[in-house]
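Please read the structure below before turning to the comments.
Counting convention: from 1, in listed order, for ligands and their atoms alike.
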Amino acid sequence: MNIASKSSFVLSRRHLLGIEGLSQQDISGLLDLAEEFVELNRQVEKKRTSLRGRTQINMFFEASTRTQSSFELAGKRLGADVMNMSTSSSSMRKGETLIDTAITLNAMHPDILVVRHSASGAVELLASKLDGCSVINAGDGAHEHPTQALLDALTIRRNKGRIEGLTVAICGDILHSRVARSNIILLNEMGARVRVVAPSTLLPPGIERFGVDVARDMREGLAGCDIVMMLRLQRERMNGSYVPSVSEYFHYWGLDTKKLAFAKPDALVMHPGPMNRGVEIDSIVADGAQSLIREQVEMGVAVRMAVLEALSRNLPNA
Ligand code: NCD
């Protein structure tokens, strides 16, 4: 069934490499388009044909559950041929450079490439070497994870009715988090107030330059906030010891009902996943009435459909 979208929004760029550089109109346009897909995804018949004939390749050089599966589902629901390129057994592991990978990919003529890589900037480098295809950053090192910030924004907007004027506390391992970075840029652009809450070892030096308030304990950080966004300790990006012990970290920085009570009574809790229960978040809160964590996963598919659709409208012969 090819029901045309009500929204004719087109993203005025070929790639989505980050939130940086997107305007309020770009962000709202993507969120409005995603709303249509939330409805579609709740129907029995979930298929559109707007990407029919297009090839989407997912290349995940880093582990992923939610992001990779939701990009796969999103592409399939729009009618694209989706291929997951296995990177654990690929030639990259045999020493092939990213540039050689790009040359190989060019020969396969994909229309859309979704890439996750452990190095900041690797996705942009790959994009610069590819002809005629759109590249979506599914997370590059500690740099950006644009579709995560967009799905978080959609979840917030649907539950609070707006983004502008809200206070959002982002708590935990800010230093190693591309989710924090993309969210800070998006939330600032959309007029929310962002507070980062973390021990000083997990805060990038000069974070204030990003236009955030810094709080160094949970009571101060959560006071009066509308949204509490928790982050995992990203140990795969740590060399050395950043926290004394897991139990001490949970005691001071883990979100439990006692700490959540510092926030507004109607505050909502978010987490991009994967969650480490008992480290940064208590199960009672993660599964509780104020949690939006499951809804974030649902919004992820809709947002990725919106990004694929909006970028595909720019492809040659679209
Ligand atoms: C995040 C990521 O990969 O950056 N997860 C995700 O995309 N759902 C956050 C994380 O790994 O902690």
> Closest heavy-atom contact between A267 and C225?
Replying inline: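 Minimum heavy-atom contact is CB-O, 3.5 Å.
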
Would you mind listing which atoms of ligand 1 come within a distance below 4.0 Å of any non-hydrogen atom of [X]?
X	answer
Q148	6 (C), 7 (O), 8 (N)
T67	6 (C), 7 (O), 8 (N)
V179	1 (C), 4 (O), 9 (C)

> Hey, is ligand 1 close enough to Q234 that some N/O pair sits below 3.5 Å?
Replying inline: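 By distance alone, the answer is no.
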
>> Pairs of nitrogen or oxygen atoms closer than 3.5 Å, one from E236 and one from ligand 1: do any exist?
In response: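 No; the residue has no nitrogen or oxygen that sits under 3.5 Å from a nitrogen or oxygen of the ligand.
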
Among all the protein's non-hydrogen atoms, which is closest to [atom], and how far away is it?
atom	result
atom 8 (N) of ligand 1	P272 O, 3.0 Å
atom 7 (O) of ligand 1	H145 NE2, 2.7 Å
atom 12 (O) of ligand 1	R232 NE, 2.7 Å
atom 5 (N) of ligand 1	G273 O, 2.9 Å
atom 4 (O) of ligand 1	R178 NE, 2.7 Å

> P274: heavy atom below 4.0 Å from ligand 1, yes or no?
Replying inline: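 Flag set, P274 near ligand 1.
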
>> Is it the case that the side chains of N41 and R77 hold a donor-acceptor pair, with the cut-off being a distance below 3.5 Å and no angle test?
In response: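 Side chains of R77 and N41: pair found under 3.5 Å.
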
> Are a donor atom and an acceptor atom from the side chains of S200 and R216 found within less than 3.5 Å of each other?
Replying inline: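 Result is no, nothing qualifies.
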
> Where the side chain of E280 meets the backbone of N276, is there a donor-acceptor pair that is under 3.5 Å apart?
Replying inline: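 It does hold such a pair.
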
> Is the distance between the ring centroids of Y242 and H176 under 6.0 Å?
Replying inline: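 Ring centroids of Y242 and H176 are less than 6.0 Å from each other.
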
> Do K47 and F37 meet the cation-pi criteria used here (NZ or CZ under 6.0 Å from the six-membered ring centre, within 45° of the axis)?
Replying inline: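 No, a cation-pi geometry is absent between K47 and F37.
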
> Between R304 and F71, is NZ or CZ placed under 6.0 angstrom from the six-membered ring centre and within 45° of the ring axis?
Replying inline: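 Geometry flag: set, cation within 6.0 Å and 45°.
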
>> For Q68 and N84: C-alpha separation, side-chain torsions, deciding distance, then whether side-chain hydrogen bond (donor to acceptor under 3.5 Å, both in side chains) applies.
In response: CA-CA 9 Å; Q68 184 166 356; N84 290 305; 3.2 Å; yes

> Counting only heavy atoms, which portion of E62 has something under 4.0 Å from ligand 1: side chain, backbone, both, or neither?
Replying inline: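 Neither; nothing of E62 gets under 4.0 Å from ligand 1.
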
